[in-house]
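Note that the structure is predicted; figures quoted are calculated from it, not measured. Note that ligands are numbered from 1 as they come in the structure, with each ligand's atoms numbered from 1 the same way.
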Amino acid sequence: LTSVYPDHVWTAEGLRSDIVVRIDGDTIIGLETAGSQPVDVRLPGALLLPGLVDVHSHAFQRAFRGHVQWRAGDRDDFWTWRDAMYRTANALPPDGIEAVSRLAFLGLAEAGVTRVGEFHYLHHAHDGTPYADPDELAHRVIAAALDVGIRVDLLRAVYGRHSAPRELQPEQRRFGDRGPDDALAAIARMKKRYAAEPRVTVGLAPHSVRAVPPAWLRELSSFRDGVVHAHVAEQPREVEECRGESGRGPLAVLADAGLVTERFTAVHLTWPDPGDADLVRAAGASVCACPSTEMDLGDGFLPLSLRTGDTRLCVGSDSHAVHDPLGEARTLELHARALAGRRNVMAVPGDRHAVAERILRAASIDGGRALGGAGEGIRVGAPADLVAIDLDRTAAAGVPPLEAAAFVSTPDWVVASWVGGRPVISHGRHPARERIVVSAQRWL
Ligand SMILES: [Zn+2]
């Protein structure tokens, strides 16, 4: 039994002050008005939020952070970056993937993340040979997340070709499946293996319409037992190629295959077709933007039509260029303003805290829903996944608490976090920080 007493709590019913949050095991069992009762953890000056959720991560990409911020030739774009990413992907042995993933998840945890969706597409040795345990690298990534202490939703990627009609190239052999059954069998094995570990779930991730043939997509729609994520319309070239093959855009192709449901998350969707916003909303699907990576790679902007209305939005760190989930979510609104030439775009008028709450939801509750969670927020009976943000900062002086977190905070304001009631960050630090950084160093 633990009790936590911050200055403010953003509960499922809104912001409340002088509340003690009581935790038993992995669950919130009480939100009590503070009085004379003893408390275990006092957090003066802090705002307690639901744990932040990074919906879209490729953890190994943390290995080349900062090493691609220069231009080797006349042209540098997504595709030249991808060449560098492939070199990194193929250079890391299992130990390196685990160590780098642990570092990536440490960085996320220090930024307040309690749950990560790991879009995992490194399956084999670099020449395509399966490991003795065909799920070896997935186990390594899961072990890294559990070692850091955060929840992980392993989104097992399916990857079948370079692009229509080209087969897998040598640098892609590490990602390849022989068919949809390879992926579905891997998911079944992992679900069994992690059945007793509540911090792990397994979902399906057809990599993209570029890398997965339409016939495979149709077969994959038989998957019912978890969430489905795919990269959708990240780059114009991918959209053109998709039109050339199928006569339609990527989201329409995924929908035709039966994959766009309330369990689906479209990652990026920077170059959608005109009907895509309606398609996503009608299905009750989620859209995961990754603003820092989309800026870093020159992808473009999620269009305004997908930021407004009741689209369920969430965010991902994707390439691990930075770890700042609240900053990513804030960018959804700030880019919306830049695109619209107006202010306070992502919420209905008149509600004093609606914009800040939309940003905070995208970084937490709605991210959790995209990964199959209940999206409950802080309420009695919900899992005790919590993050405390320190508002006792010069930059927060006089700023309303929700707006301070949504519009001003930086990752170093995170002072504490809990995953299923277990502390992960305490006093602004992860207890294994040194060990994790040192063990990753040689692979960076
Ligand atoms: Zn991605």
Residue pair R210 / S163, side-chain donor-acceptor N/O under 3.5 Å: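 Note: R210 and S163 side chains miss the donor-acceptor criterion.
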Between N90 and R173, do the side chains contain an N or O donor and an N or O acceptor separated by less than 3.5 Å?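 The answer is no; no qualifying pair exists.
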Considering the options H58, H229, H268, H320, which one meets the ring pair (Phe, Tyr, Trp, His ring centres under 6.0 Å) requirement together with F119?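 The residue from H58, H229, H268, H320 that satisfies ring pair (Phe, Tyr, Trp, His ring centres under 6.0 Å) with F119 turns out to be H58.
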Indicate if the distance from the Zn ion (ligand 1) to the nearest N, O or S atom of [X] falls below 2.8 Å.
{"X": "H56", "result": "yes"}
{"X": "D318", "result": "yes"}
{"X": "H268", "result": "no"}

I'd like to know if D366 and R358 make a salt bridge, using a cut-off of under 4.0 Å between side-chain N and carboxylate O.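 Looking at R358 together with D366, the answer is no, because their closest N to O distance does not fall below 4.0 Å.
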Among the N/O/S atoms of H58, select the one at the shortest distance from the Zn ion (ligand 1) and name it.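 Result: NE2.
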